[in-house]
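Quantities reported herein were computed from a predicted structural model and do not represent experimental measurements. Only heavy atoms go into these numbers, but all of them, side chains included; no hydrogens, no water, no symmetry mates. Letters A, B, ... are given to chains in the order of the sequence lines, protein chains preceding strands, and every chain is numbered from 1.
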Amino acid sequence: MESSGENPASISRPDSAPHEDCGTLKYQLLGPSLTKAGQDSVDQQKVSEIIYNASKGSKFFNHEQDRDRNLTLKIERILKEKARLERLDLTSDLRRADEYLAELELSRDLSQHVIHVDCDAFFAAVEELDRPELKTVPMAVGKGVLTTCNYVARKFGVRSGMASFVAKKLCPQLVLLPQNYDKYTAKAKEIRAIMAEYDPLFESASIDEAYLNITAYCDENHLEPGEVVERMRAEILETTKVSVSAGIAANAKIAKIASNLNKPNGQFQVPNEREAIMEFMRDLSVRKVNGIGRVFERELESIGVKKCGDIFLHRALLAKLFGEKASQFLAQCYLGLGRTKIEPVETQERKSVSTETTFHEIGDKEELRAKLWWAAQELEKDLARTQFKGRTLALKVKLHTFEVLTRQIAPSRAVSLAKDLYSFALPMLAKLEKDIPNLKLRLLGLRCSNLVSTQKVGINFFGVATQPKPATEPNSEPILVSASSANPDHEISTERAFEAAARQEIQDEMNDLEKLSQETPDVSVAPEPKASAAPEVVEAPPIMWDCPICARPQIADDRTFNEHVDFCLSKQTIRQVVQDTSEEISLIPHNARKRKTPSQTVIPEMDPKQKRLFFE
DNA sequence: GCGGATCAC
DNA sequence: TATGGTGATCCGC
């Protein structure tokens, strides 16, 4: 959109309030990474004008405008509620808040040295290693949306998460590179090998970030945390040629904030002293805290909380205005408290597996089915890779207006195969088509949650024998047992493992027999997908027939269909058995890695199948 | 338990 | 012309 020189704030928009929300909208349009490093010298005013003008009138823009208006309304309600509360007697709320603060204070642990390590413009930095000439020109990685950009580009206001055409408006000479994820993963592995010397139980927060607890390392080597981090950063730069920044503090929350303060290639330490920590938090913008995003920032700002220090003044109101969890979180921010427990991601249990893709607007039903089929195939692959099935299946769509909807169902048994995923998702899509006339989508995705492990007996990533846990008894443990659970020495007996294997076999037979039968309303609406799917579809979606017994859609190939009908006739008895045997429990290895001295540390070779999971 | 919303990277 | 994908969590109902 060409610049006409007019002030965007003065542009009148149809069907909207006057321009008072323009400021917040422009702020919203600046994107979530405004607080990132490398933006200090940027004229944000000018940048926001350019972004505004580039976006103006688009469907994306209109959606952002809607969201902005809704947030403004929500804030009005918050302010009204605040005024109402302030007319009441708040002494008990105040007392409750103070009691909670006192209780938290008792839990303060200043004995640990936690660091957060963050690679500087990671993807861009890796690309610059291959093409050093890019170091001096503005460059970004990503196609439709930028994932990273180098510091030269940031001087133009270019940021990660920005649409590339907008970035090009800000910086026409911007060099755009496609993502090369394998390359970044390989480099991340090099960096992690070094970090493991300092803490073998380090925690990967993402491909380019990690938390380490270096308390033991400091003690064993009689070094101060600052020295250790200087050393580690130098070692990483020396051997991998990638610069990293780090934060050093008593807990993960402050370390994370601190790692951003001397970016790039720097470090910042907050001493393990209560006074120093309180002072550090006092003047810290709430937006810098991990977990407080643009929305909560605006809500807090509206009641007068801009800095973490401001939380104290408003402590009596926070629980009623923002909820219990949020107020507890804010209390921790005020005190500068955070977790000190750093543990490998492999010990943390996965909750969902999902896939989604954005495409050009599609309204054609067959084309949408082709997309759904493709998503089902992708999810099957991801479920196979991560060795899970899902007891819950969710369909996610984004309308052409950018509005997002999700619909989910809970099949009686865990699902993982593309045709099953498709069979269960199709009625949900059909219902949306029925309920929303002229449905046009720009994104479609599938997600499995309520996961059940399909991990077989074998040797896992750390060389530890693993077995699928036998089925749970009606009143027993939660579905997934992680290393962090209460009984870390819990072992599965051989007998129980055999039992499990036996039940697994029974279940596999059931799988073949049952071929799914579900509560799927509205199947008559679902048109049958034809073989003439979109070109990129490898395999045509299966043809669906309705079962004459249960009236639910089934894969229409003769054998499958007949088996289903047979099953459906005898369902009541079999269903019970299936439910009793369908529990599969993952045993996540515990004590797989132990913190030990650096010289003893071995980085095991990666099993290719587990590789992507490990690096996620 | 479901669906919307927020958040991080 | 045009604005991502994956995973987690919380809230209100």
Side-chain angles (χ1 to χ4, degrees), chain A residues 1 28-33 35-36 51 54-64 66-67 70-71 74 116 118-119 121-123 141-148 159-169 179 181 184 188 204-210 256 260 287 289-299 322-329 345 348-361 375 378-379 382 386 388 391-398 400-410 428 432 442-451 612-613 615-616:
Chain A
M1 223 149 278
Q28 192 81 6
L29 287 167
L30 279 174
S33 60
T35 54
K36 287 284 171 73
I51 298 175
S55 305
K56 195 167 48 182
S58 68
K59 288 177 174 175
F60 173 79
F61 177 93
N62 291 337
H63 183 249
E64 289 299 302
D66 277 355
R67 288 183 43 181
N70 287 337
L71 180 56
K74 185 179 174 192
H116 177 253
D118 196 343
C119 300
F122 184 54
F123 293 0
V141 177
K143 276 218 147 40
V145 169
L146 310 184
T147 52
T148 325
R159 277 178 288 270
S160 64
M162 184 176 270
S164 42
F165 79 94
V166 174
K168 280 278 190 184
K169 282 227 159 55
Q179 288 209 35
Y181 210 79
Y184 314 143
S204 299
S206 70
I207 190 169
D208 71 331
E209 283 182 34
K256 167 78 182 164
N260 259 307
R287 185 67 172 83
V289 179
N290 212 287
I292 299 181
R294 286 176 292 175
V295 171
F296 201 17
E297 177 193 28
R298 269 194 63 194
E299 293 174 1
F322 302 116
E324 201 63 28
K325 294 274 180 188
S327 72
Q328 293 180 353
F329 179 78
V345 279
Q348 295 164 27
E349 95 191 29
R350 180 190 272 271
K351 306 263 177 32
S352 69
V353 180
S354 69
T355 178
E356 65 185 60
T357 32
T358 294
F359 35 75
H360 64 276
E361 271 177 28
E378 285 299 299
L379 189 53
D382 289 344
T386 55
F388 282 108
R391 282 204 166 84
T392 301
L393 176 66
L395 172 75
K396 171 179 173 179
V397 299
K398 195 185 278 180
H400 66 113
T401 57
F402 284 84
E403 186 184 357
V404 174
L405 304 174
T406 60
R407 295 292 181 268
Q408 69 180 47
I409 56 159
M428 296 193 279
L432 285 173
R442 70 183 327 277
L443 173 147
L444 191 150
L446 289 175
R447 183 180 73 246
C448 272
S449 53
N450 247 308
L451 297 182
R612 265 190 66 192
L613 173 61
F615 277 106
E616 268 164 12

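Separating the C1' atom of C:dG4 from that of B:dC7 is a span of 15 Å, rounded to the nearest Å.
Residue A:Lys59 places its NZ atom among more than 12 non-hydrogen atoms of other residues, nucleotides or ligands, all under 6.0 Å distant.
The two residues A:Phe329 and A:Asn290 have their closest heavy-atom pair at CZ-O, 3.4 Å. Residues A:Ser352 and A:Ser449 share a closest heavy-atom pair of CB-CB, 4.2 Å. Nearest heavy atoms, A:Ser164 versus A:Lys143: OG-O, 2.6 Å. Across all non-hydrogen atoms, the minimal contact from A:Phe296 to A:Ala326 is CZ-CB, 4.2 Å.
As rounded to whole Å, 9 Å separates atom P of B:dC9 from atom CG of A:Asp208. Between A:Arg298 atom CZ and B:dA5 atom C1' there is a gap of 15 Å when expressed in whole angstrom units. Put simply, CZ on A:Phe122 is 15 Å from P on B:dC9, counting in whole angstrom units. Counting to the nearest Å, the P atom of B:dG3 and the CG atom of A:Asn450 are 14 Å from each other. In this structure, the CD1 atom of A:Ile292 is 13 Å from the C1' atom of B:dA8, given to the nearest Å. Atom NE2 of A:His63 is separated from atom P of B:dG4 by 11 Å (rounded to the nearest Å). Between the CG atom of A:Asp118 and the P atom of B:dA8 there is a distance of 13 Å, given to the nearest Å. Spacing between atom CD of A:Gln28 and atom P of B:dT6 amounts to 8 Å, rounded to whole angstrom units.
Taking A:Lys396 as the reference, A:Glu356 meet the salt bridge (Lys or Arg N to Asp or Glu O under 4.0 Å) condition, with sequence neighbours excluded.
Relative to the side chain of A:Arg67, the nucleotides C:dG7, B:dT6, B:dC7 differ in distance, and B:dT6 lies closest. When distances are taken from the side chain of A:Glu209 to each of B:dC9, B:dG4, B:dT6, the shortest belongs to B:dC9. Relative to the side chain of A:Lys351, the nucleotides B:dC7, C:dT9, B:dC9 differ in distance, and C:dT9 lies closest.
Considering only side-chain N and O atoms, A:Arg407 lies under 4.0 angstrom from the phosphate OP1 or OP2 of B:dG4. The phosphate of B:dC9 has OP1 or OP2 within less than 4.0 Å of a side-chain N or O from A:Lys256. Contact annotation: A:Asn70 side-chain N/O to B:dA5 OP1/OP2 distance is not under 4.0 Å. In terms of phosphate contacts, A:Ser352 brings no side-chain nitrogen or oxygen within less than 4.0 Å of OP1 or OP2 of C:dG7. Between A:Arg294 and the phosphate of B:dC7, there is no side-chain N or O to OP1/OP2 separation shorter than 4.0 Å.
Using a 4.5 Å heavy-atom cutoff, the side chains of A:Asp208 and A:Phe123 are not in contact.
Mapping A:Val289 and A:Glu403 onto DNA chain B by nearest heavy atom places A:Glu403 closer to the 5' end of the strand.
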Which pairs, protein N/O on one side and nucleotides 3-5 of chain C N/O on the other, fall under 3.5 Å?
from	atom 1	to	atom 2	distance (Å)
C:dT3	OP1	A:Arg442	NH2	2.1
C:dT3	O5'	A:Arg442	NH2	3.4
C:dT3	O4	A:Ser55	OG	2.3
C:dG4	OP1	A:Arg442	NH1	3.0
C:dG5	OP1	A:Thr358	N	3.0
C:dG5	OP2	A:Thr358	N	3.3
C:dG5	OP2	A:Thr358	OG1	2.4

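Under 3.5 Å, the side chains of A:Glu403 and A:His63 contain no donor-acceptor pair of N or O atoms.
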